Asker: 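Here it is: the structure, laid out below.
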Amino acid sequence: MKKFVKASTAILISILMLTGCSSSSNNESNAVDPSDVMQNINARKAIAMAIDKTSFVETILNNGSIATNKFVPSKLAIDSELGDYSDFSGDLGYENNDEEAKKYWQKAKDELGFENVTLKLVLTDTEFSKRLGEYIQSELGDLDGLTIDLKQMPMKQRMEALANGDYNISFSGWGPDYPDPLTYLETFSLNNTYYEDTGYDSKEYNSLLDKAKKASTTREAWTEYKNAEEVLLNDAYLVPIYQRGFAYLQKDYVKDIIVNPYGPKYLYKYADVDKSNKTLNMSNSDDITTLDTSLVKDALSSEVIANTMEGLTRLDKEFNASEGMAKSWKVSEDGLTWTFNLRDDAVWSNGEKVTAHDFEYAWKRTLDPATACETASIFYDIVGAKDYNLSKNSDRDSVGVKAIDDYTLEVKLNRPVPYFDKMVASTSFYPQNQKFVESKGDKYGTSIENSIFNGPFILKTWKLNDQYAMGKNQNYWDSNSVKLDSINVKISKDSNTDINLYNAGEIDRTTVSSDQVDKYKDSPEFGTGIDCATNFLLLNAGNINK
C-alpha cells in the first residue's frame, strides 16, 4: 500500500505537508541535541533502513537510475578475470525494512531519552532537490517523533554548510575520477572530503584501505576494498540511494558530446552541431563555484574546468588516455616511475608557455596543507604526497613530482597504478601558472579576469546565477580538432523550464525529469544512460561545532 500512496503526487504532497507541520512542542522537557541523535548508531541505522529506494527510483526518477545499497557503483572497475567489482563485492549495506527501522529508532530514543527531534536536511536549491527532499521527509516521517526540516540553498552555500558542520543530513553525490574503487572509498578516509564533512574516523576502515593499496594482486586489493566498504556502510555515516541514470533529449544536429563515465560529465572538445552557426546551447542546474583546480569540489565547476583547461592527458571518445599537454609518456618496468614528455607548442591564454614546472607547482600547491584541499588524497599514490599533505613532512621537494626540464615531468609512485595515465586526465591534476596564481591570491579562479586557461575553450562570459559562455581557444595546440565556436550555458534550477527552453529551440540538450519521461520516451530525440556515479545521504555524526 505504501508504494501506491507514494506513486500519487497529490497524496504524497499532502502527506509531506502534514509531516512538515508536526509539532515538536510536546515533551519539550525531553529535548535532545540533534547532534547527539546523529552520533547514535541505532538512529543512523534507522534512517538507513527507513528509505524505500526502489520506490523512489521508480516513482520519482523513472530515468534508468538503479536503487543501490552500495557506495561503489557498477561498471566502474572491471577486471578481465574478476569481472565487475560491484558483483565481486556482493551484498552490502542496509536494505529498506520499515519495521526494523522503527525498532532501531526506538532503541535510539530509549538510549538518549527523547521523544521528539528535528533534523536539518540540507540540499541545493533545484526543483529536483526539493522533490527528493520531500520524499526523504515523508519516508523518515514514519519514525515516531522525527521531523525533517528541509533547507535548500545554492551549491556554494551547501558546500560551506557541510564544511562547517551546519547540517544533520545532506543529499550528495560522487562521480569517480579514475576507474578504481579507491576513487570512492578514499573520500571517507583520513582528512578527505567526507571524512571532514561527516566526522567519520574509523581506524579499521583506514587500515583496510591501506592494506588494499599495498596488495600485490587485484583480487587481494578488491577483497580489502570490499571489507572496507562493508565497514563504512555498517557505520551508516553514508546511506546510498541510487546509481545515477539519466534521461535526456538532444537535437538531431548535435554530435559527439563525450558523456564521461568518470570525472566531469560533458566534454566538448570533439562536439559539433550540424549547422552553419557552430554554437551549442546547454543548461546547468548550478553556477560555477570556483575555477581553482586545487579547491574545486563540485561536478559542474569541474566540467567547466575540463573544457577550458587540459592536463597531461585527455580522455578520447573511447575513454582511453590520449595526448594532452603531454605528447607521450612511459612507465618503468616496476610501474613506479612515470615520465611525461610535454609538447612545446602549448600556451596559456596569457601567451606564456605551459611547462612541466606548471604541473609540479600545481600538484604541490594542492598538497600544501595551507591550501586545505579536501580531495588532496587523490595524490597519495605519489611518493611523499601523503606525509607532506598531513604536515608530517614540511619539505615540498620530498613529493615525488619533479620538472626535469621545461618539457619533462617525472612522477614517482608508492605502488604501481596501471591507470595513472587516465588518472592524470582528471581536473585535480591540471597545471597552474605559478606567476598568475600568486599574483591573484585568494581571488584566483573566482572570475574570468582572475582565471587563466590552456584548454580547447576559454571562458568568455560569466554572470553569476544567470549564464556563462565558453568560446573556442584559437591558441589551443589542437584547435583544428575543435569544431564548436562557442558553448552557451544557462543556469536553470527547474527541469520544466529546461524542457520549455529545449522545445523553444533555446537549448540543444536537456535532461528529462521522471514526470516528463512518458511524454517524450517515443521521441527520436530521447535517450537514456547510466553514470558510474552514486547519489546518497550523508549523516553528520561527528563534524560538530567546527
Side-chain angles (χ1 to χ4, degrees), residues 122-133 150-162 171-173 175 246 248-251 254 257 264-268 271 273 277-293 295-309 349 427 440 442-453 455-473 484-513 516:
V122 171
L123 313 109
T124 57
D125 57 348
T126 65
E127 181 62 27
F128 168 75
S129 291
K130 179 182 179 183
R131 295 175 65 205
L132 178 138
L150 301 184
K151 296 292 185 183
Q152 289 191 262
M153 56 189 69
M155 174 70 77
K156 192 169 185 177
Q157 278 184 249
R158 189 195 71 88
M159 291 166 60
E160 291 172 353
L162 266 60
F171 177 69
S172 192
F246 57 93
Y248 65 93
L249 290 168
Q250 179 174 289
K251 300 296 186 182
V254 176
I257 296 176
K265 188 173 181 66
Y266 296 125
L267 303 179
Y268 301 118
V273 288
N277 181 5
K278 296 296 183 180
T279 298
L280 177 67
N281 296 305
M282 301 286 288
S283 68
N284 258 333
S285 59
D286 278 292
D287 202 355
I288 304 166
T289 58
T290 181
L291 295 174
D292 184 344
T293 57
L295 298 179
V296 66
K297 295 191 292 181
D298 64 289
L300 295 179
S301 299
S302 294
E303 184 178 298
V304 176
I305 291 172
N307 287 291
T308 59
M309 296 184 66
S349 51
T427 57
K440 298 300 181 180
D442 292 342
K443 293 182 178 180
Y444 174 61
T446 60
S447 63
I448 292 176
E449 58 269 24
N450 290 309
S451 301
I452 190 171
F453 311 104
F457 301 92
I458 60 175
L459 197 61
K460 301 288 288 185
T461 63
W462 180 8
K463 296 181 181 178
L464 292 176
N465 295 313
D466 182 14
Q467 63 86 23
Y468 57 87
M470 294 176 277
K472 181 175 179 177
N473 182 0
L484 293 175
D485 291 329
S486 59
I487 303 163
N488 300 324
V489 183
K490 295 178 181 290
I491 307 299
S492 171
K493 300 179 183 296
D494 181 5
S495 58
N496 289 323
T497 300
D498 285 344
I499 289 290
N500 291 337
L501 290 170
Y502 181 86
N503 288 333
E506 294 186 38
I507 59 175
D508 300 319
R509 180 184 171 112
T510 183
T511 55
V512 179
S513 61
Q516 297 276 10

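These numbers come from a predicted model, not from an experiment.
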Asker: For Lys251, give me all partners under salt bridge (charged side-chain N to carboxylate O under 4.0 Å, His left out), at least two apart in sequence or on another chain.
Answerer: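 Scan of Lys251 (salt bridge (charged side-chain N to carboxylate O under 4.0 Å, His left out), adjacent residues dropped) gives none.
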Asker: Tell me, please, which residues at least two apart from Thr446 pass side-chain contact (heavy atoms from CB on, under 4.5 Å).
Answerer: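 By the side-chain contact (heavy atoms from CB on, under 4.5 Å) rule, Thr446 matches Lys443, Asn450.
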Asker: Report yes if some heavy atom in the side chain of Asp286 is under 4.5 Å from a heavy atom in the side chain of Ile491; otherwise report no.
Answerer: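 Counting from C-beta outward, Asp286 and Ile491 never come under 4.5 Å.
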Asker: Checking Lys460 now: which residues fulfil side-chain contact (heavy atoms from CB on, under 4.5 Å) with it, not counting sequence neighbours?
Answerer: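 Scan of Lys460 (side-chain contact (heavy atoms from CB on, under 4.5 Å), adjacent residues dropped) gives Ile458.
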Asker: Out of curiosity, Thr126 OG1 to Asp494 CG, how far, rounded to the nearest 0.5 Å?
Answerer: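 With rounding to 0.5 Å, OG1 (Thr126) is 9.0 Å from CG (Asp494).
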Asker: Can you sort out the partners of Gln467 under side-chain contact (heavy atoms from CB on, under 4.5 Å), two or more places apart, ordered by chain and number?
Answerer: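 Partners of Gln467 under the side-chain contact (heavy atoms from CB on, under 4.5 Å) test: Thr461, Lys463, Ala469.
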Asker: Just jot down the salt bridge (charged side-chain N to carboxylate O under 4.0 Å, His left out) partners of Asp125, sequence neighbours excluded, or say none.
Answerer: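 Result, salt bridge (charged side-chain N to carboxylate O under 4.0 Å, His left out) vs Asp125: Lys493.
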Asker: State which residues pass side chain to side chain donor-acceptor pair (under 3.5 Å) with Glu160; sequence neighbours excluded, sorted by chain then number.
Answerer: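 Result, side chain to side chain donor-acceptor pair (under 3.5 Å) vs Glu160: none returned.
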Asker: So does Gly455 get a backbone contact from the side chain of Asn473, meaning a donor-acceptor N/O pair under 3.5 Å?
Answerer: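 Judged by distance alone, yes, a pair lies under 3.5 Å.
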Asker: Can you tell me if Lys490 has over 12 outside heavy atoms packed within less than 6.0 Å of its NZ?
Answerer: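 No - once you tally the heavy atoms of other residues, nucleotides and ligands closer than 6.0 Å, there are 12 at most.
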Asker: Please name all residues satisfying side-chain contact (heavy atoms from CB on, under 4.5 Å) with Asn503, sequence neighbours left out, ordered by chain then number.
Answerer: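 Here the qualifying residues are Ile499, Tyr520.
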Asker: Name all residues meeting the side chain to side chain donor-acceptor pair (under 3.5 Å) criterion together with Tyr502; count only those two or more places apart in sequence or in a different chain, and write none if there are none.
Answerer: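 For Tyr502, the residues satisfying side chain to side chain donor-acceptor pair (under 3.5 Å) (neighbours in sequence not counted) are Glu525.
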Asker: Taking only residues two or more places apart in sequence, or in another chain, which ones meet Asp292 in a salt bridge (charged side-chain N to carboxylate O under 4.0 Å, His left out)?
Answerer: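 By the salt bridge (charged side-chain N to carboxylate O under 4.0 Å, His left out) rule, Asp292 matches Arg365.
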Asker: Starting at CZ of Phe453, measure out to CE of Met470 and round the result to the nearest 0.5 Å.
Answerer: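 Nearest 0.5 Å value for the CZ-CE distance: 10.0 Å.
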Asker: Who are the side chain to side chain donor-acceptor pair (under 3.5 Å) partners of Asn281, not counting sequence neighbours?
Answerer: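 Asn281 satisfies side chain to side chain donor-acceptor pair (under 3.5 Å) with Asn488 once adjacent residues are dropped.
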Asker: Using side-chain heavy atoms (C-beta onward) and a distance below 4.5 Å, is Leu501 in contact with Thr510?
Answerer: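 They are not in contact (no side-chain heavy atoms under 4.5 Å apart), so the answer is no.
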Asker: With distance as the sole test, does Thr427 use its side chain to make a donor-acceptor pair with the main-chain N or O of Ala306 at under 3.5 Å?
Answerer: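 Not at all, since once roles are kept as given, no pair shorter than 3.5 Å links the two residues.
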Asker: Partners of Thr308 by side chain to side chain donor-acceptor pair (under 3.5 Å), sequence neighbours excluded?
Answerer: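 Thr308 satisfies side chain to side chain donor-acceptor pair (under 3.5 Å) with no other residue.
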Asker: Looking at residues at least two apart in the chain, or sitting in another chain, which of them share a salt bridge (charged side-chain N to carboxylate O under 4.0 Å, His left out) with Lys151?
Answerer: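 Partners of Lys151 by the salt bridge (charged side-chain N to carboxylate O under 4.0 Å, His left out) criterion, ordered by chain and then number, come out as Asp149.
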